[in-house]
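Below: the structure, in structure tokens.
Here is how names work: the chains are called A, B, and so on, in the same order as the sequence lines, proteins then strands, and each is numbered from 1. Atoms considered below: every heavy atom in the structure, side chains included; atoms not considered: hydrogens, waters and symmetry mates.
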Amino acid sequence: MDAILKGLTESQVQAVTHIDGPLLILAGPGSGKTRVVTHRIAYMIAQGVSPSQIAAVTFTNKAADEMRNRVGELAPGKPVWMGTFHRFCAQLLRRYAPLAGLSENYSIYDSSDSKQAMKRAIQAAEVSISHTSPEQIASTISNAKNRLVTPEMMASGSSRTGDVVAAKVYPIYQQQLLTANAVDFDDLLFHVAIMLRNNPELRSDLDARFRYILVDEYQDTNLAQYAIVRGLSIDNANLAVTGDPDQSIYGWRGADLNNILDFEKDYPAVKTVRLEQNYRSTPNILRVADQLIRHNRQRKQKDLYTHNQEGDAVVLRIFEDGYQEADGIADEITNAIRAEGMRPRDFAILCRMNALTRSLEHSMRSRGLPYQIINGVEFYQRKEIKDLLAYLHLINNPSHDVAFHRVVNVPTRGIGAKTIERLRRYADVNQVPMLEAARNVYQVEGIAKRSATFVTRFVEIYDRLSKKASATLEDLLRYLVEETKYEAFLEKSTVDQQDSSAIANVDEFISAAVEFDRQHPEDGTLEAFLEQVALVADTDAFEDSDDRVTLMTLHAAKGLEFPCVYIVGVEQGLLPHSRSMDTDAGFEEERRLFFVGITRAMQRLQLSICKRRTVRGDTRPAVPSPFLNELPLDELRKVESVVDRDWFDEDPDADNQYPESWDLADESDDIVMNGDTGNGDTGNGDAGEVHETAAPFFDEACQLPESELAEIVQVKKRKPASVPGLKTAADMLNGGMTPVTAYREGTQVRHIEYGEGTVISITGRGPKRTATVRFDDGEHHFRLAFANLEVIDV
DNA sequence: CAGACCAAGCTTTTT
DNA sequence: GCTTGGTCTG
């Protein structure tokens with residue numbers, strides 16, 4: 001008991017020792033919330049509460065795992081249910097599937113499955129989508145589910161044209177899901193919420209079963225989640241929620257800030273505990289966060305404070321473009337690791353969009369910095385993995401139409417689009433699964449005998465696979481790959497693309513199956529495996545045990561902390577994102593997102609912006625985020641990297657936009673400079689440049705006072721001017737410039753860090769021309785336009 | 001019907 | 001820049 005309460009502050013003890021009755025913990029960032037929650041669970045158990053009556057619900061598996069580990073230390077071996085909302089609902093639904101019109105082996109569609117299903121429903125509904133799009137309809141229906149709007153309710157109450165279309169599609173989409181014995185992500189919550197509402201007895205049973213419920217990140221709950229939690233806390237109102245209105249960043253997913261703002265109204269007997277002391281960040285960082293979030297109108301004022309030592313000033317850094325931003329940050333991290341004994345795991349780079357991680361990834365890789373990316377293009381989205389998964393899904397649930405569609409002709413076996421279309425029609429008309437239609441192929445109108453034979457052959461393969469359904473996953477998968485000749489198919493289709501990764505992925509997938517078998521010797525069913533796969537998020541891939549730099553989105557970073565944090569692309573249109581800045585609510589949510597990012601940092605924080613940003617292939621001028629103007633500018637350390645060299649090939653307009661760069665754009669096509677702006681009076685010239693570019697740059701968006709411009713620190717990324725006074729391309733060539741074309745395979749080069757090496761290959765062109773160089777300590781890649789290589793011998 | 005080749009569209013954020 | 005979807009040819 002002492003161990004549980006030891007070292008906690010007054011308010012933390014209050015929260016931990018509260019057992020019965022509603023509890024609201026308003027916890028600012030870094031206030032030890034997880035600690036409070038885990039200690040509270042341990043305390044409850046120590047006070048005699050049965051662990052099996054406690055359910056702790058989180059939003060991510062990562063958060064649940066962390067909680068499980070920490071509770072495990074405090075109260076070993078106690079079976080407290082912990083997991084995500086979706087997993088919680090998936091398990092309830094498994095149990096009570098018939099109440100929702102499902103069988104207990106129902107499948108969970110992932111987002112791409114849902115997308116396919118939606119397209120099919122739109123077709124079947126025979127609606128015109130000329131004034132809307134599948135995405136819009138999907139999002140309307142998703143929102144409806146999150147607000148517990150049923151198809152019937154929507155049919156009666158909508159007016160907007162898009163809604164009318166969606167209202168027509170919705171019932172058909174739902175019907176098709178039921179026919180497929182499947183649910184989408186929203187349904188997991190939706191079905192359970194409706195089930196609780198319609199079955200009072202079940203509701204009260206479960207209310208008693210889960211006497212104590214804890215909900216983490218309560219500010220992110222939507223109406224469906226609210227209804228579920230509420231429904232389970234009527235007879236036993238022992239509901240403890242934690243959250244921070246300032247960290248609500250899932251409004252787009254239907255999260256309703258009012259759920260937390262009104263908690264005290266919902267439960268008048270609530271005990272509210274505020275955790276405002278921050279144990280994570282330096283006062284410098286906290287001031288920046290606080291100043292920013294004060295600009296939100298929709299919030300409860302909260303006073304964040306800390307007793308931590310004053311630390312380094314927060315840095316605002318200005319780069320030329322995204323590539324330099326990536327290189328600059330990678331360089332800094334490299335230096336900090338080398339010079340200050342930091343570890344790669346101490347660093348996180350956060351961005352608004354996954355797409356921004358690409359150049360960062362490149363920069364890290366070229367420096368040999370170990371990194372992990374937490375993003376969307378992950379394992380289970382790969383084609384080959386999705387194929388195999390689809391087979392498994394179909395084995396587990398013969399009604400899984402999306403899976404059927406995916407695998408029926410993979411590997412190709414003579415079943416074409418027309419045949420599939422006819423099967424689909426038959427299935428739609430008769431409301432049977434497509435596999436069923438395939439079994440009845442000879443009754444399906446319009447299918448040629450030849451095609452029907454192929455379909456029958458597929459059904460036979462399927463039936464053989466089905467017999468193995470209860471084998472271990474490993475056996476099943478190996479048999480599947482064998483039986484479908486899947487590897488041969490991969491080899492054939494990738495022979496010209498030199499992409500051997502597909503087969504490696506299949507092997508990795510089998511390893512994952514082996515691992516699952518090992519971890520679940522008793523309950524390792526196919527169903528359990530598929531559910532686990534469906535409910536793991538990309539963010540769950542985060543491994544804090546690995547010593548790597550972490551790259552992720554701001555959303556994925558919630559709940560984490562790092563000694564050093566870089567937030568990239570703090571620009572108009574990116575943060576706030578252009579799709580979110582139209583409404584006040586959207587704009588404020590972006591501000592909260594920025595707030596979340598800032599408060600991840602313990603010791604150091606760097607925000608960066610670029611003058612140009614390349615999005616979707618084309619480069620355009622970037623404008624600093626209006627949020628920057630809301631920060632305490634006078635205490636930020638502003639750093640602008642001097643233009644090392646510029647490169648405007650492939651972008652004829654660029655020199656018009658940035659006339660100050662250099663007037664050599666014409667000749668610069670094939671020239672790379674080694675380490676200098678080529679500007680004779682670098683210091684003055686650059687200062688002038690900065691003034692010219694930065695003044696309008698800031699005046700519009702940030703209103704940075706002129707006096708502060710002078711304080712902008714000039715940082716040279718690479719060697720200082722070595723050959724001043726260059727005027728012409730010819731001069732440059734003589735004066736240490738090396739044309740990109742001078743690099744060939746076999747060229748001997750010298751690098752300032754890696755020493756001497758040999759070019760072993762050249763790829764790309766223009767600014768992207770890249771050399772792979774072998775040094776004594778391994779290979780490194782250099783973009784020649786930016787590389788600091790010196791040619792020794794051609 | 002398969003496979004190759006080309007055009008369009010599109011990316012916030014996640015369970 | 002990349003993926004998806006469509007079209008064309010064998």
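When each of A:Thr150, A:Asp187, A:Asp184 is paired with A:Gln174, the side-chain hydrogen bond (donor to acceptor under 3.5 Å, both in side chains) condition holds for A:Asp187 and for no other.
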For nucleotides 1-3 of chain B, print each protein N/O atom paired with a nucleotide N/O atom at under 3.5 Å, atom names and distance only.
| unit_1 | atom_1 | unit_2 | atom_2 | d |
| --- | --- | --- | --- | --- |
| B:dC1 | OP1 | A:Gly416 | N | 3.3 |
| B:dC1 | OP1 | A:Thr419 | OG1 | 2.8 |
| B:dA2 | OP1 | A:Gly414 | N | 2.6 |
| B:dA2 | OP1 | A:Ile415 | N | 3.4 |
| B:dA2 | OP2 | A:Asn409 | ND2 | 3.3 |
| B:dG3 | OP1 | A:Lys492 | NZ | 3.3 |

Distances under 3.5 Å only, N/O to N/O: pair up the protein atoms with those of nucleotides 5-8 of chain C.
| unit_1 | atom_1 | unit_2 | atom_2 | d |
| --- | --- | --- | --- | --- |
| C:dG5 | OP1 | A:Lys119 | NZ | 2.5 |

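Side-chain proximity of A:Thr84 to the nucleotides B:dT13, B:dT11, B:dT15 is greatest for B:dT15. Of the candidate nucleotides C:dC2, C:dT4, B:dT14, B:dT14 has the atom lying nearest to any side-chain atom of A:Ala556. Side chain of A:His86, nearest nucleotide from C:dC2, B:dT15, B:dT14: B:dT15.
Nearest-nucleotide positions on DNA chain B place A:Glu135 closer to the 5' end than the other of A:Phe85 and A:Glu135.
Take A:Tyr426 and apply the ring pair (Phe, Tyr, Trp, His ring centres under 6.0 Å) test, not counting sequence neighbours, and it matches no residue. For the side chain to side chain donor-acceptor pair (under 3.5 Å) test, residues two or more places apart in sequence or in another chain that qualify with A:Asp110 are A:Ser112, A:Lys386. By the ring pair (Phe, Tyr, Trp, His ring centres under 6.0 Å) test, A:Phe594 is found to be paired with no residue, residues two or more places apart in sequence or in another chain being considered. Applying the ring pair (Phe, Tyr, Trp, His ring centres under 6.0 Å) test to A:Tyr250 and every residue at least two apart in sequence or in another chain returns A:Trp252, A:His555.
Counting non-hydrogen atoms under 4.0 angstrom, A:Phe59 reaches the backbone sugars and phosphates but no base.
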